[in-house]
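Here the structure comes first, spelled out in structure tokens, and everything after it is commentary.
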Amino acid sequence: MDWIVGLLLLVVGMVIGFFISKFLTDKKMAEQESKLNDNSLKEIMANNAAAHVNQTREIVEALQSKCQDLSQQLDAYENVLQSSQSGGSEDEKLSYFGEDAAMYIRNRQAKQKRKRSDAEFQPRDFSNESSGLFDGSNNDKVVAKSEL
């Protein structure tokens, strides 16, 4: 009988030892996964920061090139203004928008002629009677395309 008690104590000890070792290994694995997640998160954030810096540099370079282009255009415009004020030839005078617009408007108005209205044909007046157009029913008042 003594050996049965010994065996039972051995089995109980093994079961308790198994659960304790499982708890400790799970705790170690959770710590390792946490460190790994922290490292991967740091790597992802570093990659995102590097991509953001690269995009920002590209935007800044594009802005600088646009500023240089604008500065060159402004210098050219200033040179044209100074040459026109100093009494340059007639060929160098600035063409203003108004001249082009006036020509465009004159050409468009010449093409569009008004049609005279015909006194024989009057539009229908729906003020006294309802036409049934908006009542939603399918009456026999549908107008064929040939009648229009």
Side-chain angles (χ1 to χ4, degrees), residues 9-148:
L9 286 175
L10 180 66
V11 169
V12 168
M14 288 175 65
V15 169
I16 292 173
F18 172 76
F19 284 113
I20 290 175
S21 67
K22 184 176 179 182
F23 174 74
L24 292 177
T25 56
D26 286 345
K27 189 174 180 182
K28 259 187 194 179
M29 293 296 283
E31 288 176 6
Q32 288 177 353
E33 288 178 10
S34 171
K35 288 180 183 178
L36 183 63
N37 287 340
D38 288 344
N39 289 338
S40 64
L41 181 64
K42 288 179 182 177
E43 289 176 10
I44 290 171
M45 290 180 68
N47 290 340
N48 286 345
H52 176 69
V53 168
N54 287 336
Q55 288 175 349
T56 305
R57 286 192 192 279
E58 290 174 2
I59 290 171
V60 167
E61 289 173 1
L63 283 173
Q64 287 175 344
S65 69
K66 293 291 181 184
C67 285
Q68 289 174 354
D69 292 343
L70 182 61
S71 176
Q72 289 173 356
Q73 290 175 0
L74 186 61
D75 291 339
Y77 179 66
E78 187 177 18
N79 290 337
V80 169
L81 283 178
Q82 287 175 354
S83 67
S84 68
Q85 288 177 354
S86 65
S89 67
E90 291 292 321
D91 295 336
E92 294 179 1
K93 284 190 176 179
L94 294 176
S95 173
Y96 291 103
F97 174 73
E99 296 171 3
D100 295 332
M103 185 186 317
Y104 177 75
I105 291 171
R106 273 185 267 139
N107 289 339
R108 294 292 288 172
Q109 286 177 349
K111 291 180 182 178
Q112 296 177 355
K113 294 183 179 178
R114 298 181 83 190
K115 293 182 181 179
R116 296 195 88 184
S117 60
D118 200 5
E120 296 173 7
F121 176 73
Q122 293 291 325
R124 294 180 66 181
D125 185 14
F126 296 108
S127 61
N128 291 336
E129 298 178 9
S130 66
S131 66
L133 183 64
F134 297 112
D135 65 355
S137 63
N138 291 335
N139 294 338
D140 293 332
K141 294 182 181 181
V142 176
V143 178
K145 288 184 180 180
S146 62
E147 293 178 9
L148 294 176

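Along the sequence shown, residues carry numbers from 1. Model, not experiment: these values are computed from the prediction.
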Item to check | Side-chain touch Glu78/Leu81, heavy atoms, less than 4.5 angstrom | outcome: no
Show every donor-acceptor pair shorter than 3.5 Å between a side-chain atom in residues 54-74 and any protein atom, with sequence neighbours excluded, or say none if there are none.
from  : atom 1 : to    : atom 2 : distance (Å)
Asn54 : ND2    : Ala50 : O      : 3.4
Thr56 : OG1    : His52 : O      : 2.7
Ser65 : OG     : Ala62 : O      : 2.8

Checklist entry - Out of Val15, Leu9, Leu10, Ile16, which residue meets the side chain to side chain contact (heavy atoms under 4.5 Å, CB included) rule with Val12? => result Ile16
Item to check | Spacing of CG belonging to Asp38 relative to NZ belonging to Lys35, to within rounding of 0.5 Å | outcome: 9.5 Å
Next on the checklist: Could you walk me through whether Asn79 and Gln82 satisfy the side-chain contact (heavy atoms from CB on, under 4.5 Å) test, starting with their C-alpha distance in whole Å, then the side-chain angles of each, then the deciding distance to 0.1 Å, before giving a yes or no?
Outcome noted: CA-CA 5 Å; Asn79 290 337; Gln82 287 175 354; 4.1 Å; yes
